[in-house]
Asker: 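Before I ask anything, here is the structure I am working with.
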Amino acid sequence: MADRNGPYFEDIDLGDEIGPVELVATDENVINFCQLWGNPMPNRFTSQEMAEASGLPSPIVPGVMSMAIMSQALTDWAGPEALKDLDLVFRQPVPHNKPLLISATVTDTRQEDGENLVECDVLMMGEAGERYVGGTALISLPSNEE
């Protein structure tokens, strides 16, 4: 892999696994994200009382933050400009302060319009197998023949 940090298109096979990457979205992480995002606080993401008023058992990780976490796991693997598309479905609220496992499985590789594309199923799960967020990602990788 020469001096690149990420994989080359030719190195990828159907069924290859990316991750899992484990992280925890702490209360502090969510508060910092909401401040940067410009979401007024308190809110259902940062306040137990407001979460309960929204019908949630506790504050949750914002969907856009979950999307950012999943994007970063993919770009850490493939490179900062590799992610072309991320289409997610939020299946249940993502909790604070619990391990989150982000993984992907390669489902297709193809060359299209001069790009080397890798399609993946992506998933954010909890330690006990809870499926929080799932979907697909499209990643563009360089060729080792370039």
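Worth saying up front: this structure is predicted, and the values here are computed from it rather than measured.
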Asker: Applying the 4.5 Å side-chain criterion to the ILVMFWY set and letting contacts propagate, would Ile12 and Ile139 be lumped into a single cluster?
Answerer: yes
Asker: Just so I know, are the side chains of Leu74 and Leu86 near enough to count as touching, which here means a heavy-atom distance under 4.5 Å?
Answerer: yes
Asker: If you count every heavy atom of other residues, nucleotides or ligands that lies below 6.0 Å from Glu28 atom CD, does the total exceed 12?
Answerer: no
Asker: Verify the distance criterion only: is there a donor paired with an acceptor across the side chains of Glu10 and Ser143 at less than 3.5 Å?
Answerer: yes
Asker: Side chains of Tyr8 and Leu141: does their closest heavy-atom pair fall under 4.5 Å?
Answerer: no
Asker: Do Glu22 and Leu100 come within less than 4.5 Å of each other through their side chains, counting heavy atoms only?
Answerer: no
Asker: Judged by atom type as modelled, is there a donor-acceptor pair below 3.5 Å linking the side chain of Glu130 to the main-chain atoms of Ala128?
Answerer: yes
Asker: What distance separates Phe33 CZ from Thr46 OG1, expressed to the nearest 0.5 Å?
Answerer: 13.0 Å
Asker: Is a side-chain donor or acceptor of His96 paired with a backbone partner of Ile60 at a separation under 3.5 angstrom?
Answerer: yes
Asker: Side-chain donor-acceptor pair under 3.5 Å between Ser140 and Glu115, yes or no?
Answerer: yes
Asker: Taking all heavy atoms of Val30 and all of Pro62, pick out the closest pair and write down the distance.
Answerer: CG1-CD, 3.9 Å
Asker: Hydrophobic clusters here meaning ILVMFWY residues chained together by side-chain heavy-atom distances under 4.5 Å, can you tell me if Val64 and Met50 are in one?
Answerer: no
Asker: Measure from the side-chain N and O atoms of Asp76 to the backbone N and O of Ala73, and report whether any donor-acceptor pair falls under 3.5 Å.
Answerer: no
Asker: With a 4.5 Å limit on heavy-atom distance, are the side chains of Met70 and Leu88 in contact?
Answerer: yes
Asker: Check Pro57 against Gln48 and note the closest heavy-atom contact, atom names and distance.
Answerer: O-NE2, 2.8 Å
Asker: Determine whether Leu101 and Val21 make a side-chain contact, defined as any pair of heavy atoms from C-beta on separated by less than 4.5 Å.
Answerer: no
Asker: Looking only at non-hydrogen atoms, find the nearest pair between Leu123 and Arg131 and report the distance.
Answerer: CD2-NH1, 3.5 Å
Asker: Starting from the C-alpha separation in whole Å, work towards a yes-or-no answer on side-chain contact (heavy atoms from CB on, under 4.5 Å) for Val118 and Asp108.
Answerer: CA-CA 6 Å; Val118 175; Asp108 187 32; over 6 Å; no
Asker: Are the side chain of Asp121 and the backbone of Ala104 linked by a donor-acceptor contact shorter than 3.5 Å?
Answerer: no
Asker: CG/Asp16 to CG/Asp13 distance, rounded to the nearest 0.5 angstrom?
Answerer: 5.0 Å
Asker: Starting from the C-alpha separation in whole Å, work towards a yes-or-no answer on side-chain contact (heavy atoms from CB on, under 4.5 Å) for Met65 and Val94.
Answerer: CA-CA 10 Å; Met65 183 176 177; Val94 178; over 6 Å; no
Asker: How close do Leu117 and Phe9 get, heavy atom to heavy atom, and via which atoms?
Answerer: O-CE1, 3.4 Å
Asker: Compare every heavy atom of Met124 with every heavy atom of Ile69, then report the nearest pair and how far apart it is.
Answerer: CG2-CE, 4.0 Å
Asker: Rounded to the nearest 0.5 Å, what separation is found between the OG atom of Ser58 and the NZ atom of Lys98?
Answerer: 7.5 Å
Asker: Indicate, with yes or no, if Val24 and Ile102 share a hydrophobic cluster defined by side-chain heavy-atom contacts under 4.5 Å among Ile, Leu, Val, Met, Phe, Trp and Tyr.
Answerer: no
Asker: Which atom names give the shortest non-hydrogen contact between Ser47 and Pro42, and what distance separates them?
Answerer: CB-CB, 3.7 Å
Asker: For Ser71, does its backbone N or O pair with a side-chain atom of Thr75 as donor and acceptor, under 3.5 Å?
Answerer: yes
Asker: Do Arg110 and Glu119 sit within salt-bridge range, that is, some charged N less than 4.0 Å from a carboxylate O?
Answerer: yes
Asker: Give the intermediate values and the outcome of side-chain contact (heavy atoms from CB on, under 4.5 Å) for residues Cys120 and Thr107.
Answerer: CA-CA 5 Å; Cys120 302; Thr107 58; 5.5 Å; no
Asker: Between Trp77 and Val122, is there shared hydrophobic-cluster membership here, with clusters defined by ILVMFWY side-chain heavy atoms closer than 4.5 Å?
Answerer: yes
Asker: With a 4.5 Å limit on heavy-atom distance, are the side chains of Met41 and Ile31 in contact?
Answerer: yes
Asker: Membership question, hydrophobic clusters at under 4.5 Å side-chain separation (ILVMFWY): are Val133 and Leu83 in the same one?
Answerer: yes
Asker: Does Leu56 reach the side chain of Glu52, with side-chain heavy atoms less than 4.5 Å apart?
Answerer: no
Asker: Taking Gln111's backbone N and O only, do any of them form a donor-acceptor pair with Asn116's side chain (distance below 3.5 Å, no angle check)?
Answerer: no
Asker: Could you check whether any side-chain heavy atom of Phe45 comes within less than 4.5 Å of a side-chain heavy atom of Pro59, counting everything from C-beta outward?
Answerer: no
Asker: What residue pairs, at least two apart or across chains, pass ring pair (Phe, Tyr, Trp, His ring centres under 6.0 Å) with a residue in residues 111-135?
Answerer: none
Asker: Asn43 side chain to Pro40 main-chain N or O, any donor-acceptor pair under 3.5 Å?
Answerer: yes
